[in-house]
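Bear in mind the structure is a predicted one, so any value in this text is a computation, not a measurement. FYI, the numbering just counts along the sequence from 1.
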Amino acid sequence: MNFNQTEKMHKKIIKELTEVVGKRNIVTSSWRKKVYSKGWRYGSGDAIAVIKPENLIEFWEILNLCVRSNLIIIMQAANTGLTGGSTPNGNNYDRPVLIINTMRINQIQLINSGKQIIGFAGSTLIGLEESLLPYNREPHSVIGSSCIGASIVGGVCNNSGGALVQRGPAYTELSLFAKISSDGKLSLVNELGIDLGTSPIEILNNLQNGKYSDDQIKFPDNLCSDNEYHERVRDVDASSPARFNSDNRRLYGASGCAGKIAVFAVRLDTYPIPKRKKVFYLGSNNEKSFGEIRRHILLKFKNLPISGEYLHGDCYDITKQYCKDTFLLIDKMGSNFIPKLFKLKRKVDLITEKILFFPINFSDRIMQFFSKFLPSHLPVRMENFRNKYEHHWIIEMADEGIEEANSFFNEFFKERDGDFFECTIEESKKALLHRFVAGGAIGRLHAVKSKDFGEMMSMDIALPRNEKNWFEKLPPDIDKLIEVKLYYGHLFCHVLHQNYILKKGVDSELLKSKILKFYDKKGAEYPAEHNVGHEYSAKPTLRKFYENLDPVNVFNPGIGRTSKFKYWK
């Protein structure tokens, strides 16, 4: 097909898509598409258009058009992923690419007195938190990515979450999705456990409008959360990680699908909000002390912690300096403001990169400049601990677990290196917030000092549950190639985030290969809680799961560094 024929075909497809959603909800100009076609941290590529359906019926009609027109479909919600899993990656696809952004389909339905929810394709964790407040309940994930507007369905599809010790990664076996069979036919699969009718239009219309009664809601044995995770994380002598992306026990339908099907809705459990919460702030100069604490709590405590967030001293310092503005914006304006800020930030960068006299990463540079004039934002007791200790651990307990933890810490630190304090409400809020804005520290530092450094690289590592040497100590031949190392993570489940800025001239792909081999010898898995995206190779178990979901390879081809071609050729 020559250029003129291709252009004519694209125009015809765009015209048909526009008739479904209207001109305002289809994006075709190059610079406007970049907000959607470029990953938050990794990956980018072209697409003939970005389309934003308003409801489930429009979503279904778009999918049918795509199948008839032989298009590649890339499903996208908030585009907050770190590995490029919700954008095109390069321009070497064998068919035209269409991005379907689902954020307008943001409805949330509560069932069984709020004990479960139906989250539509673009519904967000922030929206879910607000919906559940009157029921005194909370969603699976309440921290971390919720701050930047992450979607409920995106979390399920990408094995996200797990910071909450009692709950594990987002998981469900009840969902509503569309898939394409090996003969190229599109079908709607209703596994929501709700009797919504027979034809696709009937099913989607009934769900969209809540036209179902309590009698039509079934409660099968299928899970709406990982109800075994609390037992799994306690098994501290196991030689496998507690959670990781390609864990076959938690790949099912929408769960872990990485966009290889089109997910319309998921059904998930919710959780009662504890009556009391208390945050303990721990410091030590010996990582083995934290290893002892982890083992004792998971083995001996009657009550598991809510969370346990680790932050290394260097990461503490860089986050304090380079994420102050983000911290204060969330602290003063709430997490609802952050998705709007990130959207504006992306647009500013896309505009300024076209103007020669503007520096790259302009938004980061200007925000960093003004942050110098902002007031000090961290509590005095945290700052005092930073002056004393290299390793920091923020442990949150609930109800009876508060007294259990307080008693143990008092005894433990009588004879071991380190100390702890019980946080006030204000200190609790700021300690947890400081940890969760740490994810952006490496990006901001690299953005404003890119001329001084080589490439940036991030690792998402799940260590075996029985690993005693959890703090990274790289071999000298690897260590000498890295300029900056920032460490943070979820210590109870042994999921650590290792962020690096390399020295100039270092080949990042070659170095990454060496680091991953180092972790292979430890029995680690990766990625732990992020999608493989286009940054990691899908392991055989995961690849087979993708191929079974999408035998024609229409949805998100190339994910996990697999084939981008039709029928996986």
Item to check | Glu529 vs His490, side chain to side chain donor-acceptor pair (under 3.5 Å): CA-CA, chis, key distance, verdict | outcome: CA-CA 11 Å; Glu529 61 183 14; His490 319 293; 3.0 Å; yes
Checklist entry - After noting the C-alpha distance and the side-chain angles of Ile273 and Leu132, does the key distance pass the side chain to side chain contact (heavy atoms under 4.5 Å, CB included) rule? => result CA-CA 10 Å; Ile273 296 174; Leu132 289 172; over 6 Å; no
Item to check | Pair Glu19-Leu65, side chain to side chain contact (heavy atoms under 4.5 Å, CB included): steps then yes or no | outcome: CA-CA 11 Å; Glu19 288 172 359; Leu65 274 170; over 6 Å; no
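Listed by first and then second residue, the salt bridge (charged side-chain N to carboxylate O under 4.0 Å, His left out) pairs involving residues 50-61 are Glu54-Arg104 (not counting sequence neighbours).
Applying side-chain contact (heavy atoms from CB on, under 4.5 Å) to Ile48 and the options Val97, Thr6, Ile72, Leu71 leaves one that passes, Leu71. A side-chain contact (heavy atoms from CB on, under 4.5 Å) with Thr172 holds for exactly one of Leu223, Leu192, Val156; it is Val156. A side-chain contact (heavy atoms from CB on, under 4.5 Å) with Leu176 holds for exactly one of Val189, Leu204, Ile118; it is Leu204.
Of the charged side-chain nitrogens involved, at least one lies within less than 4.0 Å of a carboxylate oxygen, so that Glu16 and Lys12 count as a salt-bridged pair. Comment: Glu228 engages Arg249 in a salt bridge, judged by a side-chain N to carboxylate O separation of less than 4.0 angstrom.
The number of heavy-atom neighbours closer than 6.0 Å to CG of Asp214, taken from other residues, nucleotides and ligands shown, is 12 or below. The environment of NZ in Lys564 is crowded: more than 12 heavy-atom neighbours from other residues, nucleotides or ligands sit within 6.0 Å.
A side-chain donor-acceptor contact under 3.5 Å links Arg137 to the backbone of Thr270. In terms of modelled atom types and a separation under 3.5 Å, the side chain of Glu396 and the main chain of Ser428 share no donor-acceptor contact.
Side-chain atoms of His446 and Asp364, non-hydrogen and from C-beta on, never get closer than 4.5 Å to each other. Contact of the Arg444 side chain with the Lys324 side chain is not registered, since no non-hydrogen atoms from C-beta on lie closer than 4.5 Å.
Geometric assessment of Lys566 against the ring of Tyr93 yields a negative cation-pi assignment under the 6.0 Å and 45° thresholds. Taking the ring axis of Tyr171 as reference, the NZ or CZ atom of Arg250 stays within 45° of it and closer than 6.0 Å to the ring centre.
Ring geometry for Phe264 versus Trp60: interplanar angle of 30 to 60°, hence tilted. In this structure, Tyr526 and Tyr536 have tilted ring planes: the angle between them lies in the 30° to 60° band.
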